[in-house]
Amino acid sequence: MPDKNQPTPDQETAGRLLDRVAVRLLSLDADAKSAALEVDVDPWMRNAYGVLHGGMTGSIGERCITAFLRALGVPGAVRLETIQIDYYRPVLTEHICTLAVRCSLTAAEEGRYTVNTVAWLAGAPAEKPCFTVTGTMSDVSAALRDCAAFCPPSAGTTEADGEMQKHLQYYCMKGHTSLSPELGAAIPAEILRCDAERRAVLSRFETKAELCGEDGQLYTGFAACMLDTAMGQLGYFCNRTHKRTPTATLTVRCHTPAPVGPDLLVRTKVMSAGARLIFVTAEARSSAAQEQIAYSASGLFFCPDERV
């Protein structure tokens, strides 16, 4: 008998992947500008280690924030501009589970809305959150700010660059990409170039139609999955003695939504790396508009004590 918690092949490819992130509004306090919601976490959202993928928390947070703002009656179309995710406890996804979510509007000014979201397992004590998401949504006419320039990989290919690329390809082959088979099929990736001296990588991600949002552009939450995956590869490369480097914090900024169809080109660079913590930045551009930054991100990755 098939496992009802596992998606069928038809479900894997039908419609938008975003439609499978089910959010329910339970209550709304318009005076306090807060709301209680629920969201189901499906096994397809997991990473290679069986817990909720770090980037997918961005999709869940964005989905909840959008539903909350609509319930408040925010006029016009809004999209995610920036998102900050902090992780506290892993969410196991062997079976479908439910997250209890609390959204609170903390700022509203000139077409921008900042919402704080706290999520914990339904039925668990509220003081023990799994993660928090702070997102700023803006109406589609809000002005976008430029981000800091990214240091591109140097020209040429050295022996060290080739060894780095082989290591990362082995990392992907062994399933350490942090993507589950379901997410890996939906978000195919390829390492194009490595710069071992600068510890920088250029990667390519396919953007399929099923990854689009309601505006027909690439959903920012799924872009967060791509950026988290690309940065996580560098985190693993910097600490080869550890089997994994989970995401501790992830910040993603949307400068202009990328279209679905053209590839998303992601450049990642290690800014600092210690014995336990690695700080990585990323910049993404659509292959259809390489002169314009679509997303920028930074992530802090840690090396857990495997004995714990």
Side-chain angles (χ1 to χ4, degrees), residues 44-61 83-88 90-91 93 131 133 150 153 164-196 198-206 220-253 264-284 295-306:
W44 68 268
M45 301 179 186
R46 70 187 185 275
N47 63 15
Y49 306 106
V51 300
L52 178 64
H53 186 276
M56 279 305 302
T57 59
S59 296
I60 291 173
I83 189 169
Q84 167 73 43
I85 309 168
D86 294 294
Y87 305 93
Y88 301 102
V91 180
T93 57
F131 59 87
V133 177
F150 176 82
M164 181 180 183
Q165 183 150 353
K166 287 180 182 178
H167 178 79
L168 291 178
Q169 288 172 340
Y170 177 79
Y171 162 95
C172 296
M173 181 182 70
K174 287 296 185 180
H176 296 302
T177 62
S178 83
L179 292 172
S180 67
E182 295 89 346
L183 278 177
I187 308 176
E190 179 186 3
I191 298 170
L192 299 180
R193 188 170 61 175
C194 295
D195 186 333
R198 297 189 181 186
R199 292 187 295 188
V201 173
L202 176 64
S203 303
R204 179 184 67 85
F205 290 83
E206 292 184 29
T220 306
F222 294 135
C225 285
M226 299 175 183
L227 294 166
D228 182 44
T229 299
M231 291 190 294
Q233 292 174 351
L234 273 178
Y236 181 82
F237 174 77
C238 289
N239 281 269
R240 304 186 192 189
T241 58
H242 295 80
K243 295 180 181 179
R244 56 197 179 98
T245 51
T247 310
T249 65
L250 175 66
T251 302
V252 178
R253 181 176 182 84
L264 191 71
L265 303 176
V266 180
R267 284 181 173 177
T268 50
K269 187 178 189 300
V270 176
M271 305 305 292
S272 64
R276 288 288 184 184
L277 296 174
I278 307 103
F279 182 63
V280 186
T281 60
E283 171 191 290
Y295 310 94
S296 59
S298 62
L300 184 66
F301 299 85
F302 74 98
C303 305
D305 188 342
E306 300 294 345

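- Between Leu250 and Tyr87, the closest side-chain pair of non-hydrogen atoms falls below 4.5 Å.
- In this structure, Thr249 OG1 and Ile85 CD1 are separated by 9.5 Å, a value rounded to the nearest 0.5 Å.
- Side-chain contact between Phe222 and Met56 is present, with heavy atoms from C-beta onward closer than 4.5 Å.
- The two residues Cys194 and Val201 come nearest to each other via the heavy atoms SG-CG2, 4.1 Å.
- The two residues Glu206 and Met226 come nearest to each other via the heavy atoms O-CE, 3.6 Å.
- When all heavy atoms of Leu227 and Ala282 are compared, the closest pair comes out as CD2-CB, 3.9 Å.
- Looking at every heavy atom in both residues, Gly221 comes nearest to Ser59 through C-OG, 3.0 Å.
- In this structure the side chain of Ile191 reaches within 4.5 angstrom of the side chain of Gln233, judged on heavy atoms.
- Of all the heavy atoms in Tyr88 and Phe131, the pair that sits closest is CD1-CA, 3.9 Å.
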Problem - Chi angles and distances behind the side chain to side chain contact (heavy atoms under 4.5 Å, CB included) call for Thr57, Val91 - result: CA-CA 10 Å; Thr57 59; Val91 180; over 6 Å; no

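- Between Val270 and Ile278 the shortest side-chain heavy-atom distance falls below 4.5 Å.
- The structure places OG of Ser298 at 12.0 Å from CZ of Arg253, a figure rounded to the nearest 0.5 Å.
- Residues Asp228 and His53 meet the side-chain proximity criterion, which asks for heavy atoms closer than 4.5 Å.
- Closest heavy-atom contact between Val252 and Ala224: CG2-CB, 4.0 Å.
- Under 4.0 Å is where a charged nitrogen must lie from a carboxylate oxygen, and between Glu283 and Arg267 no such pair does.
- With a 4.5 Å cut-off on side-chain heavy atoms, Thr247 and Met231 do not count as touching.
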